[in-house]
Enquirer: 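Can you keep this structure in mind? I'll have questions shortly.
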Number of protein chains: 2
Amino acid sequence: MGTQDVLDAYGIPVIPDPADAAGRKRRSITDAALAEFLAEGYSAASMDAITQRSGVSKATIYKHFGSKERLFLAVVGGVLAQSYADAEPADAALADIGHEAGAGSDSGTGTGTGTGTGRLRVALVRFTTDWARVLLRPDIMALRRLVIGEIDRFPQLGQLWYRVTYDRCNRPLVDALAALHDRGVLDVPDPELAARQLLATTVGVPQLVHTFAPGTEPDEDELARVAGSGVDLFLAGYGRK
Amino acid sequence: MGTQDVLDAYGIPVIPDPADAAGRKRRSITDAALAEFLAEGYSAASMDAITQRSGVSKATIYKHFGSKERLFLAVVGGVLAQSYADAEPADAALADIGHEAGAGSDSGTGTGTGTGTGRLRVALVRFTTDWARVLLRPDIMALRRLVIGEIDRFPQLGQLWYRVTYDRCNRPLVDALAALHDRGVLDVPDPELAARQLLATTVGVPQLVHTFAPGTEPDEDELARVAGSGVDLFLAGYGRK
DNA sequence: GTCTATACGGAGATAGAC
DNA sequence: GTCTATCTCCGTATAGAC
């Protein structure tokens, strides 16, 4: 009598799957919590506000996550793992670095401010630009600021952030550079350091600005200009002479 | 009657200057507040804890600073302005860049991984190493994390941090690079970008690690190695060909 | 100018009905 | 499993004596 209102296309009552209902509630909680934590930081964020944002009751939140600390870790940690899903295009550029390197016209000249148009240069610019586009997204920058600010209280998140970024971005680049070194395309005695330098000149340079200017979208033209110049610098230093 | 205990070298009682007493109290408040804010962040820091750390009463703190927000701004802003006092040696290195550049042996070759020992290279390594030593100091890194984490609530501090760093570190470097360009020592069409790139490869690279690994002292050898490699990269790209 | 004592609100977390 | 109502404590800020 009014307890089964929802009917499907055939008029058959739809009994909500309890598991799915719980999953949806859990999702609405984590969404609300993330928004609140990003807006207020950990300490200033209130469980009351998260309760109101999520639409569920406070007791339910505590049943699911136990405490504010655990909620924070679950939410931020979970988002971190998934945030780089949009960075897939960078993997394609990475494949370009490995496969087509050395087949271009003048990929190794690296004249500094010159306009070397080798395939390697294009691939490196594409790779770094893709990553910059992802890492400079306002939501990811905000998450980064949150993690950095709370790192004394939650060192695990700092470790996780660094590791995820490294595994997804640095490590593949290091491997690619090492391979290019072995094939004689580049002269990179320390691929580990070289990768960090390349990312610093391309991604790090605009990232520094956006770290202290919250909410600003990255400018595509500026991004391309910086990435191009950074890659030129890199190739000038590590190209075969 | 015991109210004038303090005597100077001639046995003359020293009446504490009320203004100085207030100044000392103000100083003990700001010291305590800084320690508390660094340890707990803005929101989690409690005025009670600052009261206990400082040794003065809570009412006195409010008489001096009005509110927690104003105390935070005064303390962090004040420290920012003075934190770079230790970076004076970098100015000396900067003078070296300007005065002795071009007089060295092979300052402009920039062989990438080569060991160019020109005076310019030495001066640039010195300049960047000095700055890295200062910017990577654990207390300054902690302050930086605090500012970044609270930037949504206190955008003024973000602006101030960026401006102070830029005025003291970037701008002089930009000017020096522009001068070297004009004298034909380097080929730097965009000194602004070039300075950011140089600082990214030398200071930014280790800074990124220490951002996510709080409390770790920078290793001198590693610092020198990174700075040297970064400067080589820079000279390879921007040296006259 | 500086202290003690306190007002007042909001925080995180839980008990118990359903 | 989920809600309403509540407990308890600690937060910022201030009033008033000295």
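Computed from a prediction, not measured in an experiment: that's the story for all the values here. Below, read A as the first sequence line, B as the second, and so on, with proteins coming before strands; counting in each chain starts at 1.
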Enquirer: Could you measure the distance from the OG1 atom of B:T201 to the CG atom of B:L233? Nearest 0.5 Å is fine.
Expert: 6.0 Å
Enquirer: Got a sec? Which of residues 34-48 of chain A come in under 4.0 Å of DNA chain C, heavy atoms?
Expert: A:A45, A:S46, A:M47, A:D48
Enquirer: Check DNA chain C against residues 57-72 of chain B and give the residues with a non-hydrogen atom under 4.0 Å, in numerical order.
Expert: B:S57, B:A59, B:T60, B:K63, B:H64
Enquirer: What about the rings of B:F72 and B:F65, do their centers lie closer together than 6.0 Å?
Expert: no
Enquirer: Does this structure show an ion pair linking A:D91 with A:R168, if we count only N-O contacts that are shorter than 4.0 Å?
Expert: yes
Enquirer: Determine, for A:R171 against A:D175, whether the closest basic-nitrogen to carboxylate-oxygen distance falls under 4.0 angstrom.
Expert: no
Enquirer: Are any non-hydrogen side-chain atoms of B:Y166 and B:V174 less than 4.5 angstrom apart?
Expert: yes
Enquirer: Any side-chain donor paired with an acceptor under 3.5 Å for B:Y84 and B:T165?
Expert: yes
Enquirer: Between B:R133 and B:E220 (salt bridge meaning N to carboxylate O under 4.0 Å), is one present in this structure?
Expert: yes
Enquirer: Grab the CD1-P distance between A:I50 and C:dG10 for me, whole Å please.
Expert: 17 Å
Enquirer: Is A:R225 paired with A:D221 through a side-chain N to carboxylate O contact shorter than 4.0 Å?
Expert: no
